[in-house]
Amino acid sequence: MNREYHKWWSWRLSREMELLVIGHAGAKVLVFPTREGRFYEYEDLRIPLMLQEKIEAGQLQFFCVDGIYGESLYCPWAHPEDRIRRHAQYEEYILHEVFPFMNSRNPDPCVIAHGCSLGAYQAANIAFRHPHLFKKLAAFSGRYDLTLNVEHFSNLFSGYYSDSVHEHTPTHFLPKVDCPRQLNRLKEMDIVLTIGKEDPFRENNELLSSILQCKGIGHQIHFWEDRAHSGYYWRRMAQIYV
């Protein structure tokens, strides 16, 4: 399989950012890492190996980006508004640096937002906020409300709430989407959610599904046995849903 490593200085983030390209053609899959994952995590999880036939046939090309969660959503020493502001800067990096890079490498019009765990949140958040850029969302084992306290998972904003937090919380902003143009684009997107039956965020996934249903936005939600929150499961999900 074609494999490329890229790095450049992002003035939006004031730091170097790295990414990995796997494949040579086909639908562009924008892959976000988990909480502590790096741009090479998807490869380390051996998920591309499960999709090798499609990749080598030029059906899928993966763009695995780095995360900065330790500087944003998981930065406990920063004020919550600074956490969400840094998160928004990261989205600007994706939209204005990674997207042009992907388009320069591959003209295919199909872009898939994809991620596991916190990467699923990142993929869903950007796809729901900018549906004109994506044809598909494949979100595995995601949490779509970072203000929740569930099991040992705490509110990532320490009880703080603002317009910025609202605008980056899918289960909060989606119910208020009423722009016909945006709704139509959301309805045109192929949306796939997966969650383990014992995952602590199953209820949050069910809420997201009900919101989409109320909006008339078609989607699939699949419940896997057990917690289903590991590379073992994600490799198998990718074979079916990506």
Side-chain angles (χ1 to χ4, degrees), residues 1-49 51 55 60-108 110-130 133-134 137-140 142-143 146 156-157 164-165 167-168 231 234 238 242:
M1 293 183 287
N2 177 64
R3 182 185 186 277
E4 304 171 17
Y5 166 78
H6 296 271
K7 178 171 70 173
W8 66 80
W9 178 265
S10 169
W11 66 264
R12 289 177 177 83
L13 297 176
S14 298
R15 56 168 287 176
E16 287 187 327
M17 294 296 291
E18 299 168 277
L19 62 80
L20 189 64
V21 180
I22 302 173
H24 64 278
K28 293 172 286 195
V29 187
L30 176 61
V31 183
F32 294 94
T34 65
R35 171 184 171 181
E36 297 181 352
R38 296 291 310 279
F39 65 96
Y40 47 78
E41 176 190 49
Y42 203 70
E43 183 179 51
D44 284 354
L45 289 171
R46 306 193 307 282
I47 299 176
L49 287 177
L51 301 167
I55 294 172
L60 295 172
Q61 184 178 34
F62 292 83
F63 293 82
C64 306
V65 296
D66 221 343
I68 61 165
Y69 303 125
E71 301 175 18
S72 58
L73 302 175
Y74 279 90
C75 186
W77 55 264
H79 187 278
E81 188 64 28
D82 292 329
R83 296 176 211 167
I84 196 67
R85 183 180 298 113
R86 187 63 170 164
H87 168 76
Q89 290 173 346
Y90 177 73
E91 182 179 274
E92 290 296 302
Y93 155 75
I94 297 294
L95 295 175
H96 300 293
E97 297 183 45
V98 175
F99 258 85
F101 172 79
M102 291 194 303
N103 292 334
S104 72
R105 306 289 299 179
N106 181 347
D108 194 296
C110 180
V111 181
I112 302 171
H114 176 38
C116 307
S117 193
L118 190 60
Y121 157 78
Q122 186 74 64
N125 186 59
I126 196 169
F128 290 146
R129 283 169 48 81
H130 307 280
L133 297 175
F134 298 93
L137 166 65
F140 302 164
R143 169 189 184 181
L146 305 184
L156 297 191
F157 304 107
S164 298
V165 174
E167 291 167 3
H168 287 274
W234 297 332
V242 175

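What's counted below: heavy atoms across the whole structure, side chains too, no hydrogens, waters or symmetry copies. Quantities reported herein were computed from a predicted structural model and do not represent experimental measurements.
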* Keeping the roles fixed (side chain from Q61, backbone from N106), state whether a donor-acceptor pair exists under 3.5 Å. => no
* Indicate, with yes or no, if the rings of F128 and F134 have centres closer together than 6.0 Å. => no
* **Minimum side-chain heavy-atom gap P80-V165 below 4.5 Å** => no
* So M17 and E97, side-chain contact (heavy atoms from CB on, under 4.5 Å) or not? Walk me through it. -> CA-CA 10 Å; M17 294 296 291; E97 297 183 45; over 6 Å; no
* For L73 and F157, run side-chain contact (heavy atoms from CB on, under 4.5 Å): C-alpha distance rounded to whole Å, both residues' side-chain angles, the deciding distance at 0.1 Å, then the answer. => CA-CA 8 Å; L73 302 175; F157 304 107; 3.9 Å; yes
* Heavy-atom pair of closest approach, residues A123 and A113 -> O-CB, 3.7 Å
* Considering all heavy atoms of both residues, which atom of G142 and which atom of A120 are nearest to each other, and what is their separation? -> CA-CB, 3.6 Å
* When rounded to the nearest 0.5 angstrom, what distance separates CE in M1 from CG in L51? -> 8.5 Å
* Structure fact -> Closest non-hydrogen contact found for T34 with S117 is CG2-CB, 4.0 Å
* Asked: Heavy-atom distance under 4.5 Å between the side chains of V21 and M102, does that happen here?
  -> no
* Structure fact -> CG of L118 to OH of Y74, rounded to nearest 0.5 Å, is 5.5 Å
* Asked: Are the side chain of R83 and the backbone of A78 linked by a donor-acceptor contact shorter than 3.5 Å?
  -> yes
* Under the side-chain contact (heavy atoms from CB on, under 4.5 Å) criterion, do R35 and Y121 qualify, and how do the steps go? -> CA-CA 10 Å; R35 171 184 171 181; Y121 157 78; over 6 Å; no
* side-chain hydrogen bond (donor to acceptor under 3.5 Å, both in side chains) with E91: which of R12, H96, Q122, H130? -> H130
* **Aromatic centroids of Y5 and F39 separated by under 6.0 Å** => yes
* Do K28 and R105 have side-chain heavy atoms sitting under 4.5 Å apart? -> no
* About how many Å separate NE2 of H24 and CG of L60, when rounded to the nearest 0.5 Å? -> 10.5 Å
* To do: Give a yes or no on whether the backbone of L13 and the side-chain of R86 come within a donor-acceptor separation of less than 3.5 Å.
  => yes
* Look at the side chain of R129 and the backbone N and O of E167, then say whether any donor-acceptor pair between them is shorter than 3.5 Å. => yes
* **Those residues that, when tested against F101, pass ring pair (Phe, Tyr, Trp, His ring centres under 6.0 Å) (two or more places apart)** => H6, W8
* **side-chain contact (heavy atoms from CB on, under 4.5 Å) assessment of V29 paired with I22** => CA-CA 10 Å; V29 187; I22 302 173; over 6 Å; no
* **Atom pair CD (Q89) and CG (D82), whose distance is rounded to the nearest 0.5 Å** => 9.5 Å
* Does a side-chain heavy-atom distance below 4.5 Å link I47 with V242? -> no
* **Among L133, I112, V65, side-chain contact (heavy atoms from CB on, under 4.5 Å) partner for L30** => V65
* Flag side-chain contact, heavy atom, 4.5 Å: R85 against S164 -> no
* Asked: Where is the tightest heavy-atom contact between P48 and I55, given as atom of each residue plus distance?
  -> O-CD1, 3.7 Å
* **H114 and its ring pair (Phe, Tyr, Trp, His ring centres under 6.0 Å) partner, picked from Y42, W234, F32** => Y42
* Asked: About how many Å separate CG of D66 and OG of S10, when rounded to the nearest 0.5 Å?
  -> 11.5 Å
* Looking only at atom types and distance, does a side-chain atom of Y90 sit under 3.5 Å from a main-chain N or O of E71, one as donor and one as acceptor? -> no
